[in-house]
Amino acid sequence: MVESRTDIARAMIDATFISQRRSISDIASIRRDLDQSRRAIAASHDLLKRLRKRKIDEATRNVERHNVSAFDADILRSVFHDLALEMKAPEGQWRDLAHSLVYEFTGCERIDAALVDWIIRK
């Protein structure tokens, strides 16, 4: 009986060491998997940054630019004031009127709001 208890104790000790080794190897495997996941997430984050930057660059490159010189802007402002007086347009419609006037002049739908503000300023 003593031998059997000793054998059982040794078997338990061996099983403990094996389970500890297995758990250590499992922990190491989990850490490797986590590191790989972190690297994959970082790589996808970098890829998204590059795609966003490329999209912004393409959008700014494809925007039509029609520069309005100071002389042209002064003429537009003068024409706007004359037009607003002739039409007797209320102030609430001035912004739309100035916007359409600049659109007709430039042919571009994207109009700088500061230019429109300057044109309608009293």
Side-chain angles (χ1 to χ4, degrees):
M1 267 217 219
V2 175
E3 288 181 356
S4 64
R5 286 186 182 173
T6 309
D7 291 338
I8 292 172
R10 283 186 189 150
M12 288 178 67
I13 291 171
D14 290 341
T16 304
F17 284 130
I18 290 172
S19 68
Q20 283 178 349
R21 284 186 201 137
R22 188 176 302 150
S23 65
I24 290 172
S25 67
D26 290 342
I27 290 171
S29 173
I30 290 171
R31 285 185 178 157
R32 281 192 303 272
D33 292 343
L34 283 173
D35 289 340
Q36 182 179 0
S37 296
R38 286 183 184 128
R39 285 191 300 271
I41 290 170
S44 65
H45 189 260
D46 291 340
L47 179 64
L48 282 173
K49 277 184 180 179
R50 286 188 309 214
L51 288 174
R52 284 185 191 126
K53 186 177 184 320
R54 183 184 302 163
K55 185 176 180 182
I56 289 170
D57 290 345
E58 287 175 357
T60 57
R61 197 174 331 123
N62 293 333
V63 172
E64 293 181 38
R65 293 281 178 179
H66 294 281
N67 293 330
V68 178
S69 68
F71 181 72
D72 292 337
D74 193 42
I75 292 172
L76 283 170
R77 186 173 189 199
S78 175
V79 168
F80 167 76
H81 284 291
D82 292 342
L83 188 62
L85 285 174
E86 283 180 19
M87 293 178 56
K88 296 180 183 176
E91 282 190 47
Q93 294 177 355
W94 285 7
R95 179 171 296 283
D96 294 332
L97 184 62
H99 189 277
S100 64
L101 188 64
V102 174
Y103 173 72
E104 288 295 322
F105 180 75
T106 62
C108 181
E109 292 182 13
R110 291 183 55 134
I111 297 171
D112 189 14
L115 176 62
V116 174
D117 290 340
W118 181 80
I119 289 173
I120 66 174
R121 189 177 70 201
K122 292 183 181 181

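We count residues from 1, following the sequence as given.
The shortest side-chain heavy-atom distance between W94 and L83 does not fall under the 4.5 Å cut-off. The side-chain heavy atoms of R39 and D35, taken from C-beta on, include a pair separated by under 4.5 Å. By the 4.5 Å heavy-atom criterion applied to side chains, R54 and L51 are counted as neighbours. Side-chain contact between I119 and H81 is absent, with no heavy-atom pair separated by less than 4.5 Å.
Distance OG/S78 to CD1/I75: 8.0 Å, rounded to 0.5 Å. Atom CZ of F105 and atom CG of D72 lie 3.5 Å apart (nearest 0.5 Å). The line from CG of D112 to NE2 of H99 is 10.0 Å long, rounded to the nearest 0.5 Å. Distance check, rounded to the nearest 0.5 Å: NZ of K88 to CD of Q93 gives 14.5 Å. L47 CG to R52 CZ: the interatomic distance, rounded to the nearest 0.5 Å, is 10.0 Å.
Between A98 and I120, the closest heavy-atom pair is CB-CG2, 3.6 Å. L76 and L101 make their closest contact through O-CD2, 3.5 Å (heavy atoms, listed as atom of the first residue, atom of the second, distance).
Legend: residues meeting salt bridge (charged side-chain N to carboxylate O under 4.0 Å, His left out) with D46, ordered by chain and number and at least two apart, are absent.
At least one donor-acceptor pair closer than 3.5 Å links the side chain of S37 to the backbone N or O of D33.
With hydrophobic clusters built from ILVMFWY side chains whose heavy atoms lie under 4.5 angstrom apart, I111 shares a cluster with F71.
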